[in-house]
**Q** 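Handing you this structure, nothing more for now.
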Amino acid sequence: MPLENMRAMLSRASAGRYAVGAFNILDYSSAKAVVQAAEELDAPVIIQTSAKTVTFWGSRTLAGWIRELTGGSKAPVALHLDHCKDLDLIRECIDAGWTSVMIDASARPFEENVALSRRVVEMARPKDVTVEAELGAIVGVEDDIHVKEQDSHLADPAQAVEFCAKVGPDCFAPAIGTAHGIYKGEPRIAYHILEKVAAGTRVPIALHGGTGLSDGVFRRCIALGCAKVNISTQIKYAFIDGFVGYHNAHNSQYDPLKAIQAQFDKVKKGIASNIRLFGSAGKADHEWRVPGENNL
Ligand code: 13P
């Protein structure tokens, strides 16, 4: 199945009050785990790459892997660039075949954020690539983006409405109190902000900082309008723990492929459980897709 952008999958998710999982992959094996989990559960899914991962492997290499993995798969898959501040890298990913990108200009003053995000929308739209943009500052570390607690701030609902009207993103990431990385204590989610933003913007909302949120928090955020849920740290942990755990249990056996298999199984299990929890299992829509559209 050719890659698709996020537009149809997120608008269907918004209408159906479920969310599509967006999983930050690290390599070929973790990307394969995402595609296999989605296919087995008949779910739409978003393969997400951090800017750091793109720089590490190279955009052409990554795009080649994803093309190979999704070409024969029945799962609807979008390839999305996560938090990116660099317009050149965004352009490079669009040219290499990403079907969706995130511009993160949230550290800039409001009008600059609007202008930069708008530029990315203008760059992406002619290529049928969807755009996610952020307002407010989500605390924590997402690869190369560090936001300290004292620098974090929640999105203002009135500004969010103005931002979305001016930028026209396909997906909107307001800071609502979630955090990237491991939560220290109970996260305080600003549900009242989420509710106002979802009602005022009518744009599918991305829930960042998915790792460590409780089932109840996920369900409530999804019910209030989050149509995309981002999971990264959980995958990093499963990736390392799966490999190291296997080796620790078989420490005289130097068989890397067995350790890689154990790593794959652990990453895939977590992703499958997220997909079920987000309500997107069984939601792959095979009807409307036009073969050949959004090809890499
Ligand atoms: P976690 O690392 O907390 O899962 O957050 C992922 C994320 O929001 C990526 O943008």
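All values below were derived from every heavy atom in this structure, side-chain atoms included, with hydrogens, water molecules and symmetry-related copies excluded. We count ligands from 1, going down the list as the structure has it; atoms in each ligand are counted the same way. Remember, predicted model here, so these are calculated numbers, not experimental data.
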**Q** Within a distance under 4.0 Å of any heavy atom of H83, pick out the atoms of ligand 1 and give their elements.
**A** 10 (O)
**Q** Are H180 and ligand 1 in contact, using a heavy-atom cut-off of under 4.0 Å?
**A** yes
**Q** Whether D88 and R91 form a salt bridge (side-chain N of Lys/Arg under 4.0 Å from carboxylate O of Asp/Glu) is what I want to check.
**A** yes
**Q** Is D241 salt-bridged to K266, going by a charged N under 4.0 Å from an acidic O?
**A** no
**Q** Would you check whether Q234 has a nitrogen or oxygen atom less than 3.5 angstrom from a nitrogen or oxygen atom of ligand 1?
**A** no
**Q** Under 3.5 Å between some N or O of ligand 1 and some N or O of G181?
**A** yes
**Q** Taking 4.0 angstrom as the limit, do R276 and D215 come out as a salt bridge?
**A** no
**Q** In ligand 1, which numbered atoms sit nearer than 4.0 Å to a non-hydrogen atom of T233?
**A** 1 (P), 2 (O), 3 (O), 4 (O)
**Q** Ligand 1 and I231, any nitrogen or oxygen pair closer than 3.5 angstrom?
**A** no
**Q** Is a donor on one side and an acceptor on the other found under 3.5 Å between the side chain of S50 and the backbone of D82?
**A** no
**Q** Quick one: do K127 and D95 make a salt bridge, cutoff under 4.0 Å?
**A** yes
**Q** Please tell me whether W98 and T49 have a donor and an acceptor in their side chains that are separated by less than 3.5 angstrom.
**A** yes
**Q** Which ligand 1 atoms, with their elements, are less than 4.0 angstrom from a heavy-atom of A179?
**A** 3 (O)
**Q** Going by the order shown, which atoms of ligand 1 are within less than 4.0 Å of some heavy atom of H208?
**A** 8 (O), 10 (O)
